[in-house]
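Keep in mind the model is a prediction, meaning the values are calculated, not measured. All heavy atoms count here, side chains included; hydrogens, waters and symmetry mates do not. Just so it is clear: chains get the letters A, B, ... in the order the sequence lines come, proteins before strands, and each one is counted from 1.
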Amino acid sequence: MGLPKPIEADASDRIREAQLRKEMAKREPTWEEVWFSGWISHTGTTKKAIFQTNLSNLDKERLKSIKSAIDADEIGVGVESLKKFTKAHAMRLWRDLQDQRKESVLKDMVAKTPENYRLVQTESQLEQLIVDLKEEPIIAFDTETTGLDVYNDTIVGMSLTLPRADYHVYIPVAHKTGKQLKRSVVLKALSAMLTNSNIGKVLHNAKYDMHMLLRHGVRMRGLAHDTRVAMALLNENEPSYALKNLATKYGKHFGFEDTSHTFEDLFGKTCFDEVPLDVALVYAAKDTHLTWRLYEWQRQHLQRLGKLDQLYQELENPLIEVCVDMEQCGFLIDQNYARQYGEELRSEIYQLEQSLTDHFGNINCNSPIQLSRKLYDELKLPEVNARSTDVKTLKALKDKHPGIEYLLKYRELTKLLSTYVEALPERIKSDGRIHGSFNQVATVTGRFSSNEPNLQNLPTNARKLIIAPPGKLLIGSDFSQIEPRVLAHISGDKHLQEPYLNGQDLYSTLASRVFKKPIEECGDGSKYRKMMKVGLLACMYGTSMFTLASQLTITVEEAHEFIGDFYKTYPQVHSFIKDTHELVKENEYVETLYGRKRRFPGHRQKAKVYDSLVKQICEILGVEELPLNVWRNKDIPRNLKRKFYEVKGDVESARRQSVNAIIQGTAADVMKRAMLNLYQYCSRRGWALCGTVHDEALMMVDDTVTECDVKEIEACMTSAASLDVPLKVDTEIMQRWGEGVKKGEWFASAA
DNA sequence: AGGGCGAGCCAC
DNA sequence: AAACGTGGCTCGCCCT
């Protein structure tokens, strides 16, 4: 092998190298990057140019030849040690460099501690702080803790920004080293301020700090602004809402030019109570400082946007403490039931496994790869759906092999067991409850999400693990058909509103009109009603004719005709959808009824291209409307097709999402408003709102609850919005979630 | 060993 | 060529 020719690094190479270094600082690099970077450091920058070249400039072949040249001792450039430069060596070097970098960064940070960052370590300093706080109508606040578990970790320090006095403090209370006050002393001194709802607090992700303060018995009031929640309203597409990432990205707009380092960067896995106070001060005080600046910047934008500000002030901000209380409430798990049910499932699964081995041999049925090999290669089952092994495909193959039904049952039971029946009890905290978290700003449409565990996707059988504590009952109130009602309101379609105003069944009425059948033939369980229900949902979700056809087991042409008839009968629904597409093309965003925005950056240009291509295609074919299948149409030129499919996916996806975001988002707004009403009502009664599943609110109430109380609960929800159609709420009462009884029956049997 | 990712599946 | 919107969790598989 010949000696690789040195590659001269020019200025642009060096720039790219710097970029690579920057990239490497942000994420765990691949070992090749490490190897190369370490190599550069190891050899020094004065060595041959070949070593100064950016890795990304070397094609794979060249890199390989260089490596093997080194291995074969063919590179004799005076870097003898290089041939011993192994991966392990590189990683070690990398870590050393990182540590050195960390240390020097920390040293540098401490040296540059701003003058108005102060530690509060003594009684007199604390007293002075309390005095100064009396002059502040609004402050920024943050806690530093031993970890991220709000039910087990503890506060090790607190930082505050005093905007009027123009200084920032860090109050260590549980650091392992350094002079500091006791946590109880500090909290006692601060509690008047923290619990005073007239003193505004600005926090980043307040829910977390509020939980933490509750760990030490302090209920924070007067949350004025949460920069994380507000950021989600200002840009629902933000890739990360971590304070440091927001500072890096937007800092230049509010005077934070330097990129801040994340906790991980600086401290890795070290617990914050081990961090020396001088470092802790500059890190922690900067957090509230940053939060405050971010707040001021966000205020400008919210005020400019008006409606969004109102949404924040009236809805999202008050909802934060509702979330805190919901999470604190938690869900009680029936542990005996869980054990017993788990055993039942395990034995049933064991038997199914025996049958599966008989049918399919010794394979792992949980593995799609092994399963598809068995089903399609060995057993030669027809590949109805491209070798897929999902439920839908398996159901289609049910008649083809006797083992499939066992497989389906096995899927169902193992899912239930592993994801729910075994997993939920593992999350039980010391109070016997699970405390999942609810996130009000995790979805782009404004709906709630839930995790650790997700309480919004429990199947009925898993919900049965959750019970009301003694003396309590669970109440589940759900909005009936909220999304169609929102559509009826927003589209303004009088015909769609009619059944709601007259108390008729929506889908039967729709079906009767669209299919031109007497209402008797469109009743509950009729095929027309079923079709209509699927069809309406398809319109709200923007389903393609292909999918709709397969759902209804009709042809694409029939589906197209069906939707055409629907739009003809309900023209305002059609125009709402078309108008929305136009609107999103023009503005690149849509809004819910309450001003929540869903943005589609870059859509305008793509939509223009898309529309002009549609026009061209229609002209060539001499038709008004785009044909159902463009790809197979022989009359359309190839390059036109190619251009069309380049933008088709993105544009149609944005259009579907825009229509859906208005409907789903408005429904979410209404639910959030309802939750505020319910929270107030429940608090007054000493009850608890404990969760939400999109259109349903869950409450924990005394078992003395009356029919009248339930009416008030429902009123809290129906009065949440005044639409052109009435809102309807159905309520179930239960001791065990998943075994609910309609309110009517409950009170009838109680009497 | 542990992270990333896709398949699959649960909910509305 | 892809085919329905919003989520989160577990598993197998593949990678380092």
Considering only side-chain heavy atoms of A:K415, which listed nucleotide, B:dC9, C:dC11, C:dG5, is closest?
-> B:dC9

So what does A:R463 touch, heavy atoms closer than 4.0 Å: a base, only the sugar-phosphate, or nothing?
-> sugar-phosphate

Among A:I320, A:N439, A:L319, which one satisfies side-chain contact (heavy atoms from CB on, under 4.5 Å) with A:V229?
-> A:I320

Atom pair distance, as rounded to whole Å: CD1 in A:I466 and P in B:dA11 | 13 Å

Any A:Q370 side-chain N or O less than 4.0 Å from OP1/OP2 of C:dC13 = yes

Do the rings of A:H435 and A:Y151 sit parallel, tilted or perpendicular, given the 30° and 60° boundaries?
-> tilted

When all nucleic acid strands are considered with a 4.0 Å heavy-atom cut-off, which category describes A:N364: base, sugar-phosphate, or nothing?
-> sugar-phosphate

Closest to the A:V391 side chain: B:dC9, C:dG5, C:dA1?
-> B:dC9

Determine whether A:E236 and A:Y589 make a side-chain contact, defined as any pair of heavy atoms from C-beta on separated by less than 4.5 Å.
-> no

Results of side-chain contact (heavy atoms from CB on, under 4.5 Å) for A:E238 - residues two or more places apart only = A:M231, A:N235, A:Y241, A:L246, A:K249, A:Y250

Figure out the CG/P separation between A:L465 and B:dA11, and round it to whole Å.
-> 14 Å

Among the candidates C:dC11, C:dA1, C:dT6, find the nucleotide nearest to the side-chain atoms of A:R598.
-> C:dT6

With side chains defined as the heavy atoms from C-beta onward, is the minimum distance between A:L640 and A:F644 less than 4.5 Å?
-> no

Write down the distance between NE2 (A:H694) and P (C:dG5), rounded to a whole number of angstrom.
-> 16 Å

How far does the C1' atom of B:dC9 sit from the matching atom of C:dA1, given to the nearest Å?
-> 26 Å

Count the heavy atoms of every other residue, nucleotide or ligand shown that sit under 6.0 Å from CG of A:N237, and state whether that count exceeds 12.
-> yes

The correct set of residues in residues 435-462 of chain A placing a heavy atom under 4.0 Å from DNA chain B is A:R447, A:Q456, A:N457, A:L458, A:P459

Would you mind telling me which residue lines up with the more 5' stretch of DNA chain C, A:I369 or A:T419, judged by nearest nucleotide?
-> A:T419

Ranking C:dG12, C:dA3, B:dC9 by distance to the side chain of A:S544, first place goes to C:dA3

Just compare C:dA1, C:dC13, B:dA11 and give me whichever is closest to any side-chain atom of A:S367.
-> C:dC13

Tell me whether the OP1 or OP2 atom of B:dG8 has a side-chain N or O from A:R411 closer than 4.0 Å.
-> no

State whether A:N660 places a side-chain N or O below 4.0 Å from either non-bridging phosphate oxygen (OP1 or OP2) of C:dT6.
-> no

Counting only heavy atoms not in A:K641, do more than 12 sit closer than 6.0 Å to its NZ atom?
-> yes

Report yes if the distance between the aromatic ring centroids of A:Y406 and A:Y410 is under 6.0 Å, otherwise no.
-> no

d(CG, A:L487; P, B:dC12) in whole Å | 21 Å

Please report, rounded to the nearest Å, how far the P atom of C:dC11 is from the OH atom of A:Y410.
-> 10 Å

Checking all strands, does A:Q664 fall into the base, sugar-phosphate, or nothing category for heavy-atom contacts under 4.0 angstrom?
-> base

Please report, rounded to the nearest Å, how far the P atom of C:dT6 is from the CG atom of A:L537.
-> 14 Å

When we call it a touch if two heavy atoms are under 4.0 Å apart, what does A:A423 touch: a base, just sugar-phosphate, or nothing?
-> sugar-phosphate

Per A:R656 side chain, nearest of listed nucleotides C:dC13, C:dG5, C:dT6 | C:dG5

Decide whether A:T731 and A:S477 meet the rule of one side-chain donor and one side-chain acceptor closer than 3.5 Å.
-> yes

Inspect the surroundings of NZ in A:K395 and state if more than 12 heavy atoms from other residues, nucleotides or ligands are less than 6.0 Å away.
-> no

Could you state the CG-P distance from A:N629 to C:dA1, rounded to the nearest angstrom?
-> 11 Å

Between the protein and nucleotides 1-7 of chain B, which nitrogen or oxygen pairs are less than 3.5 angstrom apart?
none

Would you classify A:L416 as touching base, sugar-phosphate or nothing, given that sugar-phosphate means primed atoms plus P, OP1 and OP2, and contacts are heavy atoms under 4.0 Å?
-> nothing

Taking for each residue the nucleotide of DNA chain C with the nearest heavy atom, is it A:R427 or A:G542 whose nucleotide lies nearer the 5' end?
-> A:G542

Report yes if some heavy atom in the side chain of A:L332 is under 4.5 Å from a heavy atom in the side chain of A:W737; otherwise report no.
-> no

Rounded distance in Å - CD1 (A:I482) to C1' (C:dG5) = 16 Å

